[in-house]
Amino acid sequence: MNLHWATLAIIAANVLVSLKGFNDRLFFERYKFGITAIRAGQKDRMVTSGFLHVDLSHLFLNMFTLFFFADVVIRWFGATKFLLMYFISLLAGSLLALFFHRQEPYYSAVGASGAVTGILYAAILLQPDMQLGIMFIPIPLPAYILGILYMLYSIYGMKTRLGNIGHTAHFGGAVGGYVTTLLFKPELLVTDTLMVLLLALPILVLFVLEKMGKL
């Protein structure tokens, strides 16, 4: 697989900013996602935090996932729309995290997971019959099944505060990728109506739970 320049640019930006953060604690603290700082006016953190990572394994996992799915989106939409989708997903993840954790002044987060999940969810919507395999499941499964299960897991993680993981940013990023895909290719609403509806189910579940005060 050839690495497209747009994918390479995103990976390079993540690596350079993350390495700077690894070696400069003041830089890391200034540009990470933080509820109090963002509400005080440092809105840039909603973007910059998406290029910082806590360690090399965190960085590698996000960039490894991006490497596998970015090409699907680029083949369908081209580099410019891919980059636009990446940043929309990043912002969508930050906005949902800001909303969901708005009463938690000490909440902070870093990582490209929201943006990468947006690209992943977009790739699933574009090619739902892709076969994906994950650890502990010995056979590949259709991408849309894993996508739905992952979103439902994210809702569970948001509700239970499971692990030191930004489930909210993941979910928000996926919503960003989903919505942007439909904006770029609205004919999917007609040609793949069932898949569009199936992948919308977790979003509907989150909306209903929020309205019911269950989150």
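Model, not experiment: these values are computed from the prediction.
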Exercise for the section: Any chance you could measure Leu199, atom CG, to Ile148, atom CD1, to the nearest 0.5 Å? Expected result: 5.0 Å
Exercise for the section: State the CG-CD1 distance between Leu83 and Ile88, to the nearest 0.5 angstrom. Expected result: 11.0 Å
Exercise for the section: Report the residues that fulfil salt bridge (charged side-chain N to carboxylate O under 4.0 Å, His left out) with Arg102, sequence neighbours left out, ordered by chain and then residue number. Expected result: none
Problem - Summary of ring-ring contact (aromatic ring centres under 6.0 Å, His included) pairs that have at least one residue in residues 177-211, sequence neighbours excluded - result: Phe77-Phe184
Handout entry: Main-chain N/O of Gly34 paired with Ser108 side-chain donor or acceptor, under 3.5 Å
Key = no
Practice task
Indicate yes or no: at least one non-hydrogen side-chain atom of Tyr86 is less than 4.5 angstrom from one of Leu66.
Solution key: yes
Practice task
Would you give the length of the straight line joining atom CG of Asp129 to atom CD1 of Ile124, rounded to the nearest 0.5 angstrom?
Solution key: 11.5 Å
Practice task
Output yes when Asp44 and Arg30 qualify as a salt bridge under the 4.0 Å nitrogen-oxygen rule, no when they do not.
Solution key: yes
Practice task
Consider only side-chain heavy atoms of I, L, V, M, F, W and Y, link residues closer than 4.5 Å, and tell whether Met130 and Leu125 are in one cluster.
Solution key: yes
Problem - Side chain to side chain, Val179 and Leu182, heavy atoms closer than 4.5 Å - result: no
Practice task
Answer yes or no: is there a side-chain heavy-atom contact under 4.5 Å between Leu209 and Ile155?
Solution key: yes
Problem - Least distance between heavy atoms, Ala112 atom then His53 atom - result: N-NE2, 3.2 Å
Practice task
Could you check if a side-chain atom of Trp76 sits within less than 4.5 angstrom of a side-chain atom of Gln127, using non-hydrogen atoms only?
Solution key: yes
Handout entry: Residue pair Thr48 / Leu52, side-chain heavy-atom distance below 4.5 Å
Key = no
Handout entry: ILVMFWY network linking Leu183 to Leu197, side-chain heavy atoms under 4.5 angstrom
Key = no
Completion exercise
Shortest non-hydrogen pair, Ser89 vs Gly177, comes out as OG-N, 3.3 Å
Handout entry: Summary of ring-ring contact (aromatic ring centres under 6.0 Å, His included) pairs that have at least one residue in residues 19-39, sequence neighbours excluded
Key = Phe27-Tyr31
Handout entry: CG on Leu189 to CD on Glu187, rounded to 0.5 Å
Key = 9.0 Å
Completion exercise
Heavy-atom nearest pair, Ser18 first then Leu59, reads OG-CD1, 3.8 Å
Practice task
Check whether Leu61 and Met63 end up in the same hydrophobic cluster, where Ile, Leu, Val, Met, Phe, Trp and Tyr are linked by side-chain heavy atoms less than 4.5 Å apart.
Solution key: no
Practice task
List for me each residue that meets ring-ring contact (aromatic ring centres under 6.0 Å, His included) alongside Tyr107, sequence neighbours excluded, and say none if there are none.
Solution key: His101
Exercise for the section: State, to 0.1 Å, how close Ala122 and Met85 come at their nearest heavy-atom pair, and which atoms those are. Expected result: CB-SD, 3.4 Å
Problem - Worked verdict on Tyr121 versus Thr181 for side chain to side chain contact (heavy atoms under 4.5 Å, CB included) - result: CA-CA 9 Å; Tyr121 214 63; Thr181 300; over 6 Å; no
Handout entry: Verify same cluster id: Phe68, Val15 (apolar side-chain graph, 4.5 Å)
Key = yes
Handout entry: Side chain Asp24, main chain Lys20, donor-acceptor under 3.5 Å
Key = no
Exercise for the section: Would you mind reporting whether Thr180 and Leu84 have side-chain heavy atoms less than 4.5 Å apart? Expected result: no
Problem - Interatomic spacing from OG1 in Thr117 to CZ in Phe69 - rounded to 0.5 Å - result: 10.5 Å
Practice task
Heavy atoms only: give me the nearest Ser154-Phe171 pair and the separation to one decimal.
Solution key: CB-CD1, 4.1 Å
Handout entry: Those residues that, when tested against Asp192, pass side-chain contact (heavy atoms from CB on, under 4.5 Å) (two or more places apart)
Key = Leu188, Met195
Exercise for the section: May I ask whether Val54 and Leu26 are part of the same hydrophobic cluster, defined by side-chain heavy atoms of I, L, V, M, F, W, Y residues being less than 4.5 angstrom apart, directly or through others? Expected result: no
Handout entry: Side chain proximity check, Met151 to His170, heavy atoms < 4.5 angstrom
Key = no
Exercise for the section: Please identify each residue that fulfils salt bridge (charged side-chain N to carboxylate O under 4.0 Å, His left out) with Arg75, with sequence neighbours left out. Expected result: Asp71
Practice task
Side-chain contact test, heavy atoms from C-beta onward, threshold under 4.5 Å: evaluate it for Leu96 versus Leu206 and give yes or no.
Solution key: yes
Fill in the blank from the handout: Rounding to 0.5 Å, atoms CD1 (Ile35) and CG (Leu98) come to a distance of 5.0 Å
Completion exercise
Heavy-atom closest pair (Ser113 atom, Asn62 atom, distance to 0.1 Å) is OG-OD1, 3.1 Å
Exercise for the section: Mark yes or no for whether Arg45, through its side chain, and Ile38, through its backbone, hold a donor-acceptor pair below 3.5 Å. Expected result: no
